[in-house]
Protein chains: 2
Amino acid sequence: MDPAVVGRRVRALREERGISLSTLARLAGVGKATLSGLEHGTRNPTLETLWAVTAQLGVPFTALLAEPTAEPTVHGTAVTATLLEVFTDTDATYELYRMRVAPGVVQLSPAHAPGVTEHVTVFAGVLRAGPADAPLTAPAGGHLRWVSDVPHSYAAVGEEEVAASLLLRYPRH
Amino acid sequence: MDPAVVGRRVRALREERGISLSTLARLAGVGKATLSGLEHGTRNPTLETLWAVTAQLGVPFTALLAEPTAEPTVHGTAVTATLLEVFTDTDATYELYRMRVAPGVVQLSPAHAPGVTEHVTVFAGVLRAGPADAPLTAPAGGHLRWVSDVPHSYAAVGEEEVAASLLLRYPRH
DNA sequence: CGCTTCCGTTCCGTAAACGGAACAGTCGGG
DNA sequence: CCCGACTGTTCCGTTTACGGAACGGAAGCG
């Protein structure tokens, strides 16, 4: 993650709107020096600065972050998972991932904290996953669910890469 | 956007993973004072700091920030759905939504094209949904699936708002 | 040509974010 | 008990991001 990438993004967004550095700085309530340095990537902006600028540009924070950065949490050799959303309610915290499982490799994951459950909906391919000693199998459209406080495994069945959504549920303790 | 919100999220994500402040600080290469202040919302972290921490937690920045308003969202009488992702493979096109269903109202949706299926994973609340003449029910953690080429309905059971993920599968014709 | 009014960059004193060290509190063993 | 290893917070000197002011350049106009 390069601050220069963020800077280029800000400058592009500003120029799309046809407003000058000076006016954006004034509207966002930051110094021109700050904005200049931000766009050049020569500063390391604070959350407050970034928020002031993005709010004025009318874009979500994510617009500043290059795609590759938003990219995968690599669990390991077979599985790549991208976090789509974190969701908290009174009982638990949920993390929704989009998951891909490459064929030909079995991946083992260590146990999570007690009470954590995983829910998988398979989009494409055939997935074998679950507790390492008793994995379950689901074809495209299928759904798997297990308690993940024991070591567990993921594997694609056959030659096709598996695409799925993975929901991790962390109970509030 | 409140820095305290970001702080609480970081702390929640860290505790979900069961690692201490000290070790996360060491792994992320930031000072313990920095991380402590960040989690308390008493500091105004720099991009560099945020990136070091989120990278170590394995989450994109998105996870730290309140819902950006730029995503396509569909509102109905009871259902609010946000499109998270669209992807296509050889057999079908998929749309993944995050869905909220307000209590007290039943929402009817017209039939989709033949062969379209819906897959719902419930995060919170109890959902009754499916073909209008034979809806299915699922509690938090449950999963529903139906062929949606007939009119279908969505409703929250009880007083609690339902949160769920909705996968629409459109077969290639 | 001056003069004005913008543009974006650079300079600079101040405020604050940074990491290291010192701190009190807690847990588990000998 | 005492000890060591750990937790998270606070203190503090150094580094640096901050905004205001000064700067050089480029137009537009008389």
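Residue numbers begin at 1 in each chain, while the letters A, B, ... track the order of the sequences.
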[X] [atom1] to [N] [atom2], straight-line distance once rounded to whole Å:
X: A:Leu21; N: D:dG24; atom1: CG; atom2: P; result: 19 Å
X: A:Glu48; N: D:dA17; atom1: CD; atom2: P; result: 15 Å
X: A:Trp51; N: D:dA17; atom1: CH2; atom2: P; result: 22 Å
X: B:Leu50; N: D:dA17; atom1: CG; atom2: C1'; result: 14 Å
X: A:Leu47; N: D:dC18; atom1: CG; atom2: P; result: 11 Å

Between A:Thr42 and B:Gly37, whichever has its closest DNA chain D nucleotide further toward 5' is B:Gly37
Side chains of B:Arg14 and B:Arg11, heavy atoms from C-beta outward: is any pair under 4.5 Å? yes
Let me check something: do A:Val126 and A:Val101 share a hydrophobic cluster, defined by ILVMFWY side-chain heavy atoms less than 4.5 Å apart, either directly or through other members? no
Item checked: Transitive ILVMFWY side-chain link A:Val6 to A:Leu13, under 4.5 Å -> yes
Please determine if a side-chain N or O atom of B:Thr46 lies less than 4.0 Å away from the OP1 or OP2 oxygen of D:dA17.
-> no
Distance check: side-chain N/O of B:Arg43 vs OP1/OP2 of C:dA16, anything under 4.0 Å? no
Expected list for residues 29-36 of chain A near DNA chain C, using heavy atoms below 4.0 Å, is A:Lys32, A:Ala33, A:Ser36
Exercise. Are the side chain of B:Arg128 and the backbone of B:Pro135 linked by a donor-acceptor contact shorter than 3.5 Å?
Worked result: no
5'-most contact on DNA chain C (nearest-nucleotide basis), B:Thr49 vs A:Ser22, goes to A:Ser22
To the nearest 0.5 Å, atom OG1 of A:Thr42 lies from atom CG of A:Asn44 at 10.5 Å
Determine the contact category for B:Arg11: base if any of its heavy atoms lies under 4.0 Å from a base atom, sugar-phosphate if only primed atoms, P, OP1 or OP2 are that close, otherwise nothing. sugar-phosphate
Of the candidates C:dT9, C:dG8, C:dA17, the side chain of A:Arg14 sits closest to C:dG8
